[in-house]
Every structure is written in structure tokens, then in C-alpha cells.
Amino acid sequence: MHGGALAGWLLMALCAVSGAYCLLRTRTGTPQERRTARGEALMGFGMAAMAVPAAVLTPPEGAWAVYGVVFGAAALRALWSARHGSHHLHHLVGSLAMVYMAVTMAPGAAGAGGHAGHGAAGGAGGVPLLTGVLLVYYALYVLRSAGHLIPAGTGVASFAGGSAEGVVRGGGGGVVGSATGVGTELTMACRLTMGIAMFAMLLTL
């Protein structure tokens, strides 16, 4: 990444923690919620592996093909699951973005930018228009997600289209309501973190 190895390690840590939290969420909730958590855990760990600085660990050539196959399958699953909820469309975009980055960073790719944590030494890669579209999408996603974490009634929350739904849902319900509210906010914070990480990784292409 442009920020060097330190930024790569920070991204890896954030994505790994987000993936671990999503993995914990697979133990509770409805079957649909557990499936969603598994998809988000896969995304978090995949992004963490991709963000490891190449100066520390250079992936074998076949690793990029594995990324493409795994997240290609995840994209198909998200497309099928989108019948039950629009949030799966976001998973679809994320999985396709991972496939796109894997293809772009693969050795021999035209203008390959190299490993996401390697820095800008490899130059720009990918299709500028597609990269730009994904950057705009994730910028808007991050703003919207951040808005949902800001209490309603503030100017920032109104601007970002957010609400205090998670906070209100957790209030007035005693210990159970408080725990539910905290869990909802942590889940939104986890998704926000992965959105920021995806935006940062796309900037390295």
C-alpha cells in the first residue's frame, strides 16, 4: 500500500479482527444471520490475507487463482441469496471486488499492482473505470454505515442517512435490550471497518 508495510499490517489486523468477530456471530442468531456472518467472516479473513505486506510474505503464484475461485464461488452464492435480502447484493459486490483485485495483482497481469501490502512499487493496475466505480461505491457505503452509528438528531447522521436504530433498539429493554443494542452496533462497526479496508485496498491498484 502507499502507506508502506505499517499500513499493510494495520489493515491486516483490522480485517482479521473483523473476520474473527463475524466468525463468533455464526454461533448465534437465525440461520439466515449465521449464513450472512459466515460470508462476512470469509471476506474479513480473505482481505486480511491479501493485506499482508509482500516484503514479509510473498504469496505463491497459485494463491491468486485460489482467491479467484473462492470469491467467485462466494459471489455466486451471494447472487443466489440476494433473493432473500438486499444486503447480499453488497456481499456480491464485495466478492466480485476480491476477484477483481486477485486478477489484477496476479503475476503477469498487465500493470499488476502487486500484493496489496507491498506498496505502490508495481505501479497502477486494473481497469481505471472499474476501480473508480468500486471506490465510489465503497466511499458511499462507508458514509452510510458511519451514519447508522451516529445518534439521530445530529447533522452528520442526517447527512449520511443514518439513524440511531441500533441505539434505540438497545434502550429501555434492560440487560437483554442493552446487549442486543451493543451487538447490533458491533456488527455495523465490523461492516464499516471492512468497507474502509476495501476502499484502502482498491486505492493500491
| field | Intermediate values then yes/no, side chain to side chain contact (heavy atoms under 4.5 Å, CB included), Met105 and Thr204 | value | CA-CA 10 Å; Met105 296 174 186; Thr204 68; 4.2 Å; yes
| request: Begin from the C-alpha positions of Trp64 and Met101 and carry the test side chain to side chain contact (heavy atoms under 4.5 Å, CB included) through to its verdict. | output: CA-CA 9 Å; Trp64 304 110; Met101 289 193 293; over 6 Å; no
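Inter-residue side-chain proximity for Tyr100 and Leu205 is flagged as met; some heavy-atom pair is nearer than 4.5 Å. Residues Leu135 and Phe199 have side chains in contact (heavy-atom distance under 4.5 Å, counting atoms from C-beta outward). Using a 4.5 Å heavy-atom cutoff, the side chains of Val127 and Thr104 are not in contact. A heavy-atom distance below 4.5 Å is not found between the side chains of Met47 and Ser18.
A side-chain donor-acceptor contact under 3.5 Å links Thr26 to the backbone of Leu23.
When all heavy atoms of Cys22 and Ala37 are compared, the closest pair comes out as O-CB, 3.5 Å. Shown here for Cys15 and Ala48, the closest heavy-atom pair between the two residues is CB-N, 3.6 Å. Contact detail for Gly72 and Val99: the closest heavy-atom pair is N-CG2, 3.5 Å. Residues Ala51 and Leu11 approach most closely at CB-CB, 4.0 Å, considering heavy atoms. Across all their heavy atoms, Ala41 and Gly19 have their closest contact at CB-O, 3.6 Å. The nearest pair of heavy atoms linking Ile196 to Val142 is N-CG2, 3.7 Å.
Residue pairs meeting the side chain to side chain donor-acceptor pair (under 3.5 Å) criterion with at least one partner in residues 38-56, sequence neighbours excluded, are Arg25-Glu40, Glu40-His87, Glu40-His91, Glu40-Arg191.
Trp9 and Leu14 are members of different hydrophobic clusters when ILVMFWY side chains are connected at heavy-atom separations under 4.5 Å. Tyr138 and Leu96 end up in different hydrophobic clusters when Ile, Leu, Val, Met, Phe, Trp and Tyr side chains are linked at under 4.5 Å. In this structure, Met201 is a member of the same hydrophobic cluster as Val66, with clusters built from ILVMFWY side-chain heavy atoms closer than 4.5 Å. Linking ILVMFWY side-chain heavy atoms closer than 4.5 Å, directly or via other members, places Met50 and Phe45 in two distinct hydrophobic clusters.
In this structure, the separation between OH on Tyr137 and CE on Met198 is 10.0 Å, given to the nearest 0.5 Å. To the nearest 0.5 Å, the span separating CG on Leu79 from OG on Ser95 amounts to 10.5 Å. Atom CG in Leu134 sits 9.5 Å away from atom CG in Leu129 (nearest 0.5 Å).
Between Phe71 and Tyr67, the ring planes lie parallel to each other; the angle is under 30°, not in the 30° to 60° tilted range.
For the pairing with His88, the side chain to side chain donor-acceptor pair (under 3.5 Å) check across Arg77, Gln32, Arg35 returns one residue only, Gln32.
Taking a 4.5 Å side-chain heavy-atom cut-off between Ile, Leu, Val, Met, Phe, Trp and Tyr, the cluster of Leu140 extends to Val136.
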